2 protein chains.
Amino acid sequence: MHIRIAMLGYGNVARALARLLLRKTDILQKDYDLTFSVTGIATRSRGYAINPDGLDLEAALQVVDSGGKLDTLHRGEPVSDTLSFIDACPADAIMEATWLDPQTGQPATDYARAALRGGRHFITANKGPVAYAYRELSELARQQDRGFFFESTVMDGAPVLGIGREALLATTVQRIRGILNSTTNYILTCMEDGISLDAAVAQAQQIGVVESEPGTDIDGWDAAVKIVVLANVLMGADLRPGDVDCTGIAELSIADVQGALKAGERYKLLCEAAREGDTIQASVKPVRLPLSDPLSQIGRTSSAVTFETDTLHHLTVVEGDTDPTTTAFGMLVDMINIARGRYR
Amino acid sequence: MHIRIAMLGYGNVARALARLLLRKTDILQKDYDLTFSVTGIATRSRGYAINPDGLDLEAALQVVDSGGKLDTLHRGEPVSDTLSFIDACPADAIMEATWLDPQTGQPATDYARAALRGGRHFITANKGPVAYAYRELSELARQQDRGFFFESTVMDGAPVLGIGREALLATTVQRIRGILNSTTNYILTCMEDGISLDAAVAQAQQIGVVESEPGTDIDGWDAAVKIVVLANVLMGADLRPGDVDCTGIAELSIADVQGALKAGERYKLLCEAAREGDTIQASVKPVRLPLSDPLSQIGRTSSAVTFETDTLHHLTVVEGDTDPTTTAFGMLVDMINIARGRYR
């Protein structure tokens with residue numbers, strides 16, 4: 001099978017995906033009889049490139065690394081915007097890793113609609129479309145007989161959504177608890193060592209844990225969007241981020257955090273979704289966890305989720321040492337699973 | 001789809017499976033369009049029952065719970081032994097949870113051969129066939145276009161093998177580290193509290209963590225069999241339990257265990273398989289783990305495994321609160337995955 005890929009975005013994650021695709025070309029063919037070409041790349045600031053015969057990915061990486069424009073690789077009529085690109089690019093699957101407005105889930109949600117309506121599979125690392133339009137997009141994908149996959153939206157490439165689809169079968173998930181925001185977890189770990197929130201943020205930015213403005217991390221909104229993804233996909237909820245009872249970590253002091261530690265507990269920004277009768281309640285808030293709780297042990301930039309179900313009582317998945325490649329890997333897995341028909 | 005099941009064994013796990021099948025009958029039909037009948041049950045001490053129209057599972061549970069023989073439910077010619085049962089019982093899938101000789105992997109390995117040769121899918125909770133004959137049985141299953149699935153052999157129903165098959169795609173597993181034997185983990189946790197090994201064993205037997213003779217737990221052999229399963233299935237190794245560099249916990253004293261704890265470390269019976277050049281080395285041994293290692297935090301009867309791979313750097317799966325139902329659940333997942341063709 002040959003799959004033609006169009007990439008939306010060419011930032012850290014998308015470029016890690018390009019490098020991963022290059023590194024895994026042989027094993028994809030050997031293990032899955034799967035070959036690919038990247039027929040287009042659309043970016044906000046580096047222009048657009050379409051080549052129906054397949055772009056030279058190495059060349060595209062070099063162009064961007066050297067500060068150039070992708071348009072130099074483009075063939076055919078000029079492209080004016082991303083929606084036109086989605087229509088124009090000859091592709092079987094759109095792989096999306098663009099900027100997100102966390103308050104609206106846009107523009108990625110519109111990209112997903114356009115891709116699926118146009119009969120393309122849609123793979124995203126962007127939690128917006130899933131948190132704001134999961135049911136609509138899943139139904140659209142089903143009608144179009146295409147895949148809508150998004151493993152990398154929560155805990156990067158760790159298979160938390162794949163476990164739901166492939167392992168928690170005939171199972172009711174009663175509760176999900178997680179530490180899903182690396183920035184705040186890193187900050188809280190620093191505060192245990194007596195480093196202030198502001199200094200910890202600066203440190204996180206320096207080592208690249210926080211890419212830009214950490215406001216939606218600290219106020220809990222990023223975590224709220226993620227728990228909504230898990231609740232909607234794995235528990236059948238129909239929540240939006242605004243439905244989450246959400247408190248961030250801005251009010252916590254070093255004294256609070258160190259006081260908890262002295263009492264044998266740890267402050268964590270805990271995400272939770274719980275089935276209560278016929279409804280599902282979701283919350284994000286700083287909570288003191290006893291050290292006996294596995295989630296209390298998730299340090300620095302690790303993340304984790306615990307599923308409580310009516311079959312497996314407690315199943316916890318922990319991811320450590322994340323980087324753009326681990327996020328890109330989730331997208332690669334989605335691509336393989338779509339190629340082998342796992343979306344039906 | 002309708003699947004006819006023959007069960008080998010009717011001990012704790014198999015009876016939990018029977019109860020789980022009854023509890024999940026509706027959701028199997030609703031979510032997977034899957035109906036089932038249990039056309040036979042074979043036991044060592046409670047006789048054999050075959051009914052081509054499907055046995056009454058509730059009745060079979062009652063017979064065994066009340067100390068009776070399953071033969072009362074049998075129809076047709078008498079059955080003399082389990083291999084004859086496998087031939088005679090009209091079934092699409094054999095689900096096996098019998099006694100294991102951990103030194104040979106028998107008799108389950110012969111059951112697996114007979115089932116697959118007879119064109120039945122084979123699902124087992126028994127690590128013997130996988131540790132001693134994985135390549136042979138996988139190849140036989142492939143030739144017969146049947147499934148050979150065994151999720152419950154390591155960490156009960158936690159999807160550690162499913163993650164390999166469905167999530168660690170196009171990935172090289174470089175190292176697997178795990179705490180895979182509940183009995184020794186429970187004992188080591190007790191020893192931290194000053195309870196001797198012998199007293200801890202007695203306590204473990206009382207709460208049902210150890211079912212019978214704990215010799216193969218304490219000497220590390222049970223853990224060795226499990227790390228061989230993981231290494232062979234997820235790393236492409238071809239090891240046997242005798243190839244594992246194996247040391248148990250019999251030589252550890254309370255002073256050793258408490259001394260480690262005072263130094264900020266914890267003794268754990270660590271299972272490890274590591275790629276070293278072209279070979280894979282496996283070991284089981286008591287190791288002092290720093291508290292910063294997630295595996296050091298696995299207490300009492302929990303178990304865990306960490307995968308180090310060339311895509312996801314560190315992925316850890318932790319299972320807590322296990323019981324026969326969690327093991328049975330892994331077998332149910334195998335059954336669903338076979339029904340939906342995941343073995344091809």
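All of these numbers come straight from a predicted model, not from anything done at the bench. To find a chain, count down the sequence lines: A is the first, B the second, and so on, and within it residues start at 1.
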Self-check item: Selection from B:Thr326, B:Val333, B:Thr311, B:Val317 maximising heavy-atom pairs under 4.5 Å formed with chain A
Solution: B:Thr311

Self-check item: CA sep, side-chain torsions, deciding dist, call: A:Leu261, A:Arg266, side-chain contact (heavy atoms from CB on, under 4.5 Å)
Solution: CA-CA 5 Å; A:Leu261 206 57; A:Arg266 271 205 171 117; 3.8 Å; yes

Self-check item: Partner chain A: residue of B:Ser302, B:Ala158, B:Gly162, B:Gly330 with the largest heavy-atom pair count (under 4.5 Å)
Solution: B:Ala158

Quiz item: When heavy-atom pairs shorter than 4.5 Å are enumerated against chain A, which of B:Leu28, B:Asn337, B:Thr306, B:Thr309 gives the highest number?
Solution: B:Asn337

Quiz prompt | Residue selection (most heavy-atom pairs with chain A, distance under 4.5 Å) from B:Leu332, B:Thr322, B:Thr316 | solution = B:Thr316

Self-check item: Residue, of A:Lys24, A:Arg165, A:Glu319, that accumulates the most heavy atom pairs under 4.5 Å with chain B
Solution: A:Lys24

Practice problem: State whether a side-chain donor-acceptor pair under 3.5 Å links B:Thr327 with B:Asp156. | Solution: yes

Exercise. Pick whichever of A:Leu20, A:Thr325, A:Asp323 has the most heavy-atom pairs under 4.5 Å with chain B.
Key: A:Asp323

Quiz item: Checking A:Ser296 side chain against A:Pro290 main chain: does a donor-acceptor pair fall under 3.5 Å?
Solution: yes

Self-check item: Max heavy-atom pair count under 4.5 Å with chain A, selected residue of B:Ala304, B:Ala170, B:Gly320
Solution: B:Ala170

Practice problem: Could you tell me whether the side chain of B:Thr189 and the main chain of B:Arg300 form a donor-acceptor pair under 3.5 Å? | Solution: yes

Self-check item: Carboxylate-amine/guanidinium contact B:Asp293 B:Arg177, below 4.0 Å
Solution: yes

Quiz item: With a 4.5 angstrom heavy-atom cut-off, which part of A:Leu315 approaches chain B: side chain, backbone, both or neither?
Solution: both

Quiz item: Are there more than 12 heavy atoms of other residues, nucleotides or ligands under 6.0 Å from atom CZ of B:Arg342?
Solution: yes

Quiz item: Of the listed residues (B:Lys30, B:Arg23, B:Glu151), which shares the most heavy-atom pairs with chain A below a 4.5 Å separation?
Solution: B:Arg23

Practice problem: Could you check B:Tyr343 against B:His121 for ring pair (Phe, Tyr, Trp, His ring centres under 6.0 Å), going step by step and ending with a plain yes or no? | Solution: CA-CA 10 Å; B:Tyr343 57 93; B:His121 303 290; 5.0 Å; yes

Practice problem: Pick whichever of A:Phe307, A:Tyr32, A:Phe329 has the most heavy-atom pairs under 4.5 Å with chain B. | Solution: A:Phe329

Quiz item: If you tally heavy-atom pairs under 4.5 Å against chain B, which of A:Pro159, A:Gly299, A:Ala328 wins?
Solution: A:Pro159

Exercise. Applying side-chain contact (heavy atoms from CB on, under 4.5 Å), run through B:Tyr186 and B:Ile207 and close with a yes or a no.
Key: CA-CA 11 Å; B:Tyr186 183 84; B:Ile207 64 165; 3.6 Å; yes

Quiz item: Which of these passes side-chain contact (heavy atoms from CB on, under 4.5 Å) with B:Val154: B:Val130, B:Val229, B:Leu234?
Solution: B:Val229

Practice problem: Name the option with the most non-hydrogen atom pairs under 4.5 Å to chain B; the candidates are A:Leu291, A:Leu312, A:Asp31, A:Ile27. | Solution: A:Leu312

Practice problem: Let me know if B:Asp310 has heavy atoms under 4.5 Å from chain A in its side chain, its backbone, both or neither. | Solution: both

Self-check item: Interface residue of largest heavy-atom contact number with chain B, from A:Arg340, A:Glu166, A:His313, under 4.5 Å
Solution: A:Glu166

Practice problem: Establish, from distance only, whether the side-chain atoms of A:Asn185 and A:Lys268 form a donor-acceptor pair under 3.5 Å. | Solution: yes

Quiz item: Which answer fits A:Thr171, side chain, backbone, both or neither, if we ask what part of it has an atom under 4.5 Å from a heavy atom of chain B?
Solution: both

